[in-house]
2 protein chains.
Amino acid sequence: MKTKLSESQEDYLKHIFLLSEKSDENVSANALAERLKVKPASVTNMLKKLSELSLIEYVPYKGASLTSSGELIALEVLRHHRLLELYLSEMMGYSWDEVHEEAEKLEHVISERFEAKMAEQLGHPTHDPHGDPIPDQNLKLPSGPAIYPITSLKAGVTGAITRVLTQDKDTLNMLTRLSLVMNAELEIIAQERNGVRIRVGDERFLIPLELASNICISKNEFEKTK
Amino acid sequence: MKTKLSESQEDYLKHIFLLSEKSDENVSANALAERLKVKPASVTNMLKKLSELSLIEYVPYKGASLTSSGELIALEVLRHHRLLELYLSEMMGYSWDEVHEEAEKLEHVISERFEAKMAEQLGHPTHDPHGDPIPDQNLKLPSGPAIYPITSLKAGVTGAITRVLTQDKDTLNMLTRLSLVMNAELEIIAQERNGVRIRVGDERFLIPLELASNICISKNEFEKTK
DNA sequence: AACTATTTTTAGCCTTGCCTAAATAATTTT
DNA sequence: AAAATTATTTAGGCAAGGCTAAAAATAGTT
């Protein structure tokens, strides 16, 4: 149980974690296969191995969920990944659409020392460049202020972008061109059947639903009346 | 021929390069096996594959040497490795006995972009923390000032440490404790049968031959007589 | 030149992590 | 509830890159 896992195994655990976050249900072989760009049969194989190692609970035909030790490993990998994204972005001049790929490779390779150095130099940050939360040294996820996908907010609400739930390079690049970057102020103009109409500075956009559901803001407080 | 090599293949090429540097002869399966902590039979296998790929010239029982395309790959890996060592040391507060291990893993994983960013931030350096030369963007090794292992110098010669040919953590740590670090000024007191007697500051040491042959200095010029 | 010792190679096996094709279970439709 | 569709698992294979044991080549000694 002390043996170091393969990169592949770490990836499986990471994506089981990420998929569980969304759905609360057991993670299906199919969903994993799609994520990992691998055939479902290969997933079944790996799930059996991870189950042997007590890193997941796996009931054939019923999907998998992490055990607590599996979850710790997933969080460790996630911490690596998100610290790396921020490090690349803050310290090495990467743009937010470039960080994901590089982090994806490095996350399995860096030492605890490297992780600690990054965290230190970054001032023990709580969120990466996409607003994703970074587990702390004890692998606890930070409890940030409430954030909302812009699809869930009423017209008139304003707030700053705090999270963008995609790692797709081209999408991120597109958002950059629209000034829809981290911390950008934004107003919800209207929810419509084909998207969310918003204002950013002087510009107005109609963001298609699929994209809009990935953009999250923290609502501004009502102005304090003095 | 465009296909990316495995980490293992890259390592073979790197170590063939490093071994050729020393001896000028073909690299033997045995020497490689020892370096790579692998059995000679495994080496033979890999040499056949690398030969297939025209990355080495391999004559059974006669050892291997790099082709020019194999050498380019070795130099690329070496550039990654040495830039990483310097980056870890300069930008992340690693000590020189810690950098090797980490660089060993990262060298196969970082992108060209990462390489370029490091080089840029470090001001396109020519030597790593052990004084090893860093191939430039075009993979040319820098031609530095002449350096000499302290075993090869006469009594009375002084100079600054410019290269230390070991990556052994404990040896490096020991050298640090003795203030035998990069750029330290040093005087050769005498060559003796059991080692080289030297002075560093006020301290005098007798460095065993095996270690001494790994420590290189650039000789000080004679004081200009005005 | 012959014999011994050392290196190197061959042959066959193992594990990891992927694949395809076929079989089986679960789910949805009619 | 039976049939059809979809999801999952089983079975058998493949490539990488190690391993061991045995055979063959080279080198060193007498």
Side-chain angles (χ1 to χ4, degrees), chain A residues 1-16 19-20 22-23 25-65 70 73-74 77 104-105 107-109, chain B residues 1-16 19-20 22-23 25-65 70 73-74 77 104-105 107-109:
Chain A
M1 213 245 103
K2 219 38 308 155
T3 329
K4 185 151 182 314
L5 298 184
S6 70
E7 299 195 5
S8 203
Q9 292 173 321
E10 286 183 356
D11 267 338
Y12 273 85
L13 294 175
K14 178 177 78 168
H15 283 106
I16 292 169
L19 286 168
S20 314
K22 304 268 146 154
S23 73
E25 288 165 16
N26 274 359
V27 175
S28 76
N30 235 357
L32 261 177
E34 198 176 320
R35 278 283 195 123
L36 295 163
K37 307 272 182 73
V38 140
K39 295 288 172 283
S42 308
V43 172
T44 301
N45 245 321
M46 184 60 98
L47 292 184
K48 280 196 282 194
K49 282 181 207 161
L50 293 173
S51 181
E52 271 306 303
L53 296 170
S54 303
L55 296 169
I56 63 172
E57 246 153 69
Y58 168 53
V59 184
Y61 294 100
K62 295 289 190 170
S65 63
I73 292 171
V77 176
E104 200 73 8
K105 296 178 299 178
E107 65 188 5
H108 305 291
V109 169
Chain B
M1 214 246 106
K2 208 72 269 173
T3 330
K4 186 155 182 310
L5 299 185
S6 69
E7 299 194 4
S8 203
Q9 293 172 320
E10 287 183 357
D11 268 337
Y12 274 85
L13 295 175
K14 178 178 77 169
H15 283 106
I16 291 170
L19 286 168
S20 315
K22 303 269 146 156
S23 73
E25 289 165 14
N26 275 359
V27 176
S28 77
N30 234 359
L32 260 177
E34 200 175 318
R35 277 283 194 123
L36 295 163
K37 307 272 181 74
V38 142
K39 294 288 172 282
S42 308
V43 171
T44 301
N45 244 321
M46 184 60 97
L47 292 184
K48 281 194 283 192
K49 282 179 207 164
L50 293 174
S51 181
E52 272 305 303
L53 296 171
S54 304
L55 297 170
I56 63 172
E57 245 153 70
Y58 167 53
V59 184
Y61 295 101
K62 295 289 191 170
S65 64
I73 292 171
V77 176
E104 200 73 8
K105 294 178 300 176
E107 64 187 8
H108 305 291
V109 170

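Please read all numbers here as calculations on a predicted model, not as lab measurements. Letters go in sequence order (proteins before strands), and every chain restarts at 1.
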## Note on the structure
One should read off an interatomic distance between B:Tyr12 OH and B:Leu55 CG, to the nearest 0.5 angstrom, of 14.0 Å
### Query
Which nucleotide, C:dT9, C:dC18, D:dG18, lies nearest any side-chain atom of B:Ser8?
D:dG18
### Summary
CD1 (A:Ile56) and CD1 (A:Ile73) are apart, to the nearest 0.5 Å, by 11.5 Å
### Query
Would you say D:dT8 has OP1 or OP2 under 4.0 Å from some side-chain N or O of A:Asn30?
yes
### Query
Just how far, in rounded Å, is P of C:dT7 from CD of B:Glu25?
15 Å
### Task
Write down the distance between NZ (B:Lys49) and P (C:dT10), rounded to a whole number of angstrom.
14 Å
### Query
Near B:Gln9 CD, under 6.0 Å, is it more than 12 heavy atoms from other residues, nucleotides or ligands?
yes
### Query
Is any side-chain N or O of B:Tyr61 closer than 4.0 Å to OP1 or OP2 of D:dA23?
no
### Query
Roughly, in whole Å, what's the span from CG in A:Leu50 to P in D:dT9?
13 Å
### Query
Hey, does B:Thr44 reach any base, or is it just sugar-phosphate, or nothing, if we go heavy atoms under 4.0 Å?
base
### Query
What nucleotide, of C:dC18, C:dA26, C:dG17, holds the atom closest to the side chain of A:Tyr12?
C:dC18
#### Entry: Close side-chain approach of A:Leu47 and A:Ile16, heavy atoms under 4.5 Å
yes
### Task
Answer yes or no: is there a side-chain heavy-atom contact under 4.5 Å between B:His108 and B:Asp11?
yes
### Task
Can you establish whether the number of heavy atoms outside A:Glu7 located under 6.0 Å from its atom CD is more than 12?
yes
### Query
Where along residues 33-43 of chain A does a heavy atom come under 4.0 Å from DNA chain C, residue by residue in number order?
A:Val38, A:Lys39, A:Ala41, A:Ser42
### Query
Can you check whether A:Leu53 reaches A:Leu5 side chain to side chain, under 4.5 Å on heavy atoms?
yes
#### Entry: Distance, nearest 0.5 Å, that separates OG of A:Ser6 from NZ of A:Lys4
8.0 Å
### Task
Could you tell me the separation between the OH atom of B:Tyr58 and the P atom of C:dT10, rounded to a whole number of Å?
6 Å
### Query
Within the pair A:Ser6 and C:dG17, is there a side-chain N or O less than 4.0 Å away from OP1 or OP2?
yes
### Query
Taking atom P of D:dG17 as reference, at what distance in whole Å does atom NE2 of B:His15 sit?
16 Å
### Query
Atom CG in B:Leu50, atom CD in B:Glu10: separation rounded to 0.5 Å?
11.0 Å
### Query
A:Glu10 CD to C:dT16 P: how many Å, rounded?
16 Å
### Task
Take A:Pro60 and A:Met46, find for each the nucleotide of DNA chain C with the closest heavy atom, and name the residue whose nucleotide sits nearer the 5' end.
A:Met46
### Message
Whole angstroms only, please: what is the CG-P distance between B:Leu47 and C:dT7?
### Response
16 Å
#### Entry: Axis deviation across the helix from C:dA1-D:dT30 to C:dT30-D:dA1, five-pair ends, to the nearest 10°
0°
### Task
Looking at every strand, decide which applies to A:Lys48 at a 4.0 Å heavy-atom threshold: base, sugar-phosphate, or nothing.
sugar-phosphate
#### Entry: Nucleotide D:dA16, atom P - distance to CD of B:Glu52 in whole Å
11 Å
### Message
Checking A:Glu104 now: which residues fulfil salt bridge (charged side-chain N to carboxylate O under 4.0 Å, His left out) with it, not counting sequence neighbours?
### Response
A:Lys14
